[in-house]
Amino acid sequence: MTLLCRLLSHIALIILLSACSQLTSVPADSIRLSRQLALQLPAPNALGQPFHATQLVTGQYGNQDFNGQFQLELTENKLVLLALAPWGPSLFSATLTPNNLTTSQTSVAQVDVRYMLADFLLTYLPYDALKQSLHGKEITIKESATRREIWLAQTLIITIDYAPNPNVTAAKSRWQNHIHFHNHLRGYQLEIKTLTFTPAPLAQSIMAEPQPNAEP
């Protein structure tokens with residue numbers, strides 16, 4: 001198993017274990033982030049206009065570091081998140097459509113792909129869409145052009161910092177600039193750098209369809 005997979009699996013296990021007690025009732029098409037917070041899966045077009053992108057993600061969990069490359073594709077009715085292995089093939093993928101979430105992963109990728117998708121959605125969903133998707137008691141989202149904070153009651157659980165860029169609008173800068181994601185509740189951090197970002201026609205697709213494991 002690669003270092004990236006080991007560390008992502010540790011993070012996913014912590015989230016899963018902490019979400020197993022005192023559960024808050026949430027919609028079935030949701031990803032549980034903690035025992036009191038869940039993210040309802042949005043329609044892909046909630047993320048905006050279609051695009052293709054390549055990102056480099058580096059992270060820190062405890063005293064361990066990891067990095068990996070991701071490919072992203074958004075069409076009118078589909079979002080694809082693909083993690084690439086150093087030797088070429090994909091480690092895991094998630095495909096979100098209006099009615100379904102499908103995941104696929106190799107035997108070495110012992111991760112819950114849903115949590116990788118959740119971090120992506122927490123980072124890039126517009127404010128109004130994120131507000132509608134988060135479910136739990138006493139949730140507050142504090143938003144500015146360069147920072148997003150998610151609070152549960154008086155506890156800050158997630159901060160996302162968006163590097164400003166005077167040459168693009170705030171919304172576009174969230175795709176095109178550096179991002180620092182910090183999950184205070186789980187103790188891990190991600191640095192996201194978009195290497196390429198290309199707006200795409202609605203019908204165009206550059207990614208091969210992954211072999212699915214359909215979520216119920």
Straight-line distance of [X] [atom1] to [Y] [atom2], nearest 0.5 Å:
X      : Y      : atom1 : atom2 : answer
Asn100 : Lys78  : CG    : NZ    : 12.5 Å
Ile150 : Leu122 : CD1   : CG    : 4.5 Å
Ile179 : Phe120 : CD1   : CZ    : 9.0 Å
Leu130 : Gln40  : CG    : CD    : 12.0 Å
Ile192 : Phe181 : CD1   : CZ    : 7.5 Å
Leu101 : Ser30  : CG    : OG    : 11.0 Å

For residues [X] and [Y]: do they belong to one hydrophobic cluster (side chain heavy atoms under 4.5 Å, members Ile, Leu, Val, Met, Phe, Trp, Tyr)?
X      : Y      : value
Leu156 : Ile160 : no
Leu81  : Leu56  : no
Leu185 : Leu37  : yes

**Report entry** Any residue meeting side-chain hydrogen bond (donor to acceptor under 3.5 Å, both in side chains) with Asn77, in chain and number order, not counting sequence neighbours
**Finding:**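 Here no residue qualifies.
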**Report entry** Listed partners of Thr194 passing side-chain hydrogen bond (donor to acceptor under 3.5 Å, both in side chains), at least two apart
**Finding:**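 For Thr194 the side-chain hydrogen bond (donor to acceptor under 3.5 Å, both in side chains) partners, ignoring immediate neighbours, are Gln55.
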What is the minimum heavy-atom distance between [X] and [Y], and which atoms define it?
X      : Y      : result
Ile31  : Leu117 : CD1-CD2, 4.5 Å
Val113 : Ser93  : CG1-O, 3.5 Å
Leu84  : Leu91  : O-CD1, 3.9 Å
Gln132 : His135 : O-NE2, 3.6 Å
Leu74  : Gly48  : CD2-O, 3.6 Å
Ala145 : Tyr162 : O-CB, 4.3 Å

Query raised in the report: Passes side chain to side chain donor-acceptor pair (under 3.5 Å), Thr102 versus Thr95? Steps please.
Result: CA-CA 5 Å; Thr102 302; Thr95 301; over 6 Å; no
Requested in this report: Starting from the C-alpha separation in whole Å, work towards a yes-or-no answer on side chain to side chain contact (heavy atoms under 4.5 Å, CB included) for Phe70 and Thr54.
Outcome: CA-CA 6 Å; Phe70 289 76; Thr54 303; over 6 Å; no
Query raised in the report: Taking it one step at a time, do Leu72 and Leu82 satisfy side chain to side chain contact (heavy atoms under 4.5 Å, CB included)?
Result: CA-CA 6 Å; Leu72 307 167; Leu82 187 70; over 6 Å; no
Requested in this report: Show the numbers, then the answer: is there a side chain to side chain contact (heavy atoms under 4.5 Å, CB included) between Thr140 and Lys142?
Outcome: CA-CA 6 Å; Thr140 302; Lys142 298 182 179 180; 4.1 Å; yes
**Report entry** ring-ring contact (aromatic ring centres under 6.0 Å, His included) involving Phe51 - partner list, sequence neighbours excluded
**Finding:**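 Testing Phe51 for ring-ring contact (aromatic ring centres under 6.0 Å, His included), a comparison that skips the adjacent residues, returns Trp175, Phe197.
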Query raised in the report: Can you name the residues that form a ring-ring contact (aromatic ring centres under 6.0 Å, His included) with His184, not counting sequence neighbours?
Result: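 Checked His184 against ring-ring contact (aromatic ring centres under 6.0 Å, His included); matches are His182.
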Query raised in the report: Between His180 and Gln189, is any side-chain donor less than 3.5 angstrom from a side-chain acceptor?
Result: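 Yes - a donor-acceptor pair under 3.5 Å links their side chains.
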Query raised in the report: Ser133: what forms a side chain to side chain contact (heavy atoms under 4.5 Å, CB included) with it, not counting sequence neighbours?
Result: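 By the side chain to side chain contact (heavy atoms under 4.5 Å, CB included) rule, Ser133 matches Leu39, Pro42, Leu125.
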Requested in this report: Run the numbers on Glu149 and Arg147 for side chain to side chain contact (heavy atoms under 4.5 Å, CB included), then give the verdict.
Outcome: CA-CA 7 Å; Glu149 298 178 353; Arg147 187 176 176 87; 2.8 Å; yes
Requested in this report: Please name all residues satisfying salt bridge (Lys or Arg N to Asp or Glu O under 4.0 Å) with Glu143, sequence neighbours left out, ordered by chain then number.
Outcome: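 Checked Glu143 against salt bridge (Lys or Arg N to Asp or Glu O under 4.0 Å); matches are Arg148, Arg174.
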Query raised in the report: Checking side chain to side chain donor-acceptor pair (under 3.5 Å) for the pair Tyr188/Asp119: CA distance, chi angles, key distance, verdict?
Result: CA-CA 11 Å; Tyr188 66 92; Asp119 285 349; 2.8 Å; yes
